[in-house]
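These notes are about the structure you will find just below.
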Amino acid sequence: MASPSRVEVLTLFRSLLRAAREFPDYNVREYTKRRTIDGFRQNKDLSDPSKVTAAFSDGRSQLEVAKRQAVVYSLYAPKRIHHFDHDQAKTFITMA
């Protein structure tokens, strides 16, 4: 496999952040976002094409895991609302 282009890497980054938004729980959502950002920062200076390709493949597999986990978590998540989510919902309702 050839080394991924900048566009492909940015698309993967955005896809991982979108997948993080699918988690209903605030803590899991923020952890996934933080882990995504930290992982990309850690690998931003990779220059060896084989290491770049390996990191990209790992990111794609992590994206698939995140998508599956978001679905599973939404099926079995507790029905409580985190106070951060509650404040955002209340702000949205008052703005409408």
Side-chain angles (χ1 to χ4, degrees):
M1 176 180 183
S3 186
S5 69
R6 178 177 168 81
V7 172
E8 290 174 316
V9 171
L10 290 174
T11 301
L12 176 62
F13 179 72
R14 285 191 298 267
S15 296
L16 282 162
L17 291 178
R18 274 190 221 106
R21 284 189 292 200
E22 298 299 316
F23 285 99
D25 184 60
Y26 172 82
N27 292 323
V28 176
R29 196 168 47 242
E30 291 301 311
Y31 170 78
T32 306
K33 283 176 19 184
R34 187 176 62 249
R35 171 126 177 178
T36 297
I37 293 167
D38 291 346
F40 274 80
R41 282 186 182 149
Q42 179 182 358
N43 292 324
K44 74 177 183 178
D45 295 325
L46 290 179
S47 58
D48 181 21
S50 64
K51 289 184 180 180
V52 171
T53 302
F56 185 75
S57 296
D58 184 48
R60 286 176 51 174
S61 66
Q62 291 297 322
L63 175 61
E64 295 306 314
V65 169
K67 286 179 178 179
R68 284 193 308 269
Q69 286 300 111
V71 170
V72 170
Y73 200 90
S74 68
L75 293 173
Y76 298 104
K79 299 302 179 204
R80 62 181 168 77
I81 297 177
H82 193 277
H83 71 275
F84 286 133
D85 291 333
H86 180 67
D87 291 342
Q88 290 174 353
K90 190 166 49 173
T91 302
F92 178 73
I93 291 170
T94 58
M95 291 174 58

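These numbers come from the heavy atoms of this one structure, side chains and all, not from hydrogens, waters or symmetry mates. Position 1 is the first residue of the sequence; numbering continues from there.
Across all their heavy atoms, Thr53 and Ser3 have their closest contact at OG1-CA, 3.6 Å. Considering all non-hydrogen atoms of both residues, Ser74 and Pro24 come closest at CA-CG, 3.9 Å. Closest approach of Ala20 to Thr32, counting heavy atoms only: CB-CG2, 3.6 Å.
Taking hydrophobic clusters as Ile, Leu, Val, Met, Phe, Trp and Tyr residues chained together by side-chain heavy-atom distances below 4.5 Å, Val65 does not share a cluster with Phe13.
Taking Ile, Leu, Val, Met, Phe, Trp and Tyr as hydrophobic and joining them when side-chain heavy atoms fall under 4.5 Å apart, one finds Tyr31 isolated, its cluster having no other members.
Going from atom OG1 of Thr11 over to atom CZ of Arg18 covers 8.0 Å, rounded to the nearest 0.5 Å. With rounding to the nearest 0.5 angstrom, the CG atom of Leu63 is 11.5 Å from the CG atom of Asp58. Atom CD of Gln62 and atom CZ of Arg60 lie 13.0 Å apart (nearest 0.5 Å).
For the pair Lys67/Val71, no side-chain contact is recorded, criterion being any heavy-atom separation below 4.5 Å from C-beta on. A heavy-atom distance below 4.5 Å is found between the side chains of Gln69 and Phe23.
Residue pairs that meet the salt bridge (charged side-chain N to carboxylate O under 4.0 Å, His left out) test with at least one member in residues 30-40, sequence neighbours left out, are Glu30-Lys33.
The side-chain contact (heavy atoms from CB on, under 4.5 Å) test with Phe40 singles out one residue from Leu17, Leu12, Leu10, and that residue is Leu12.
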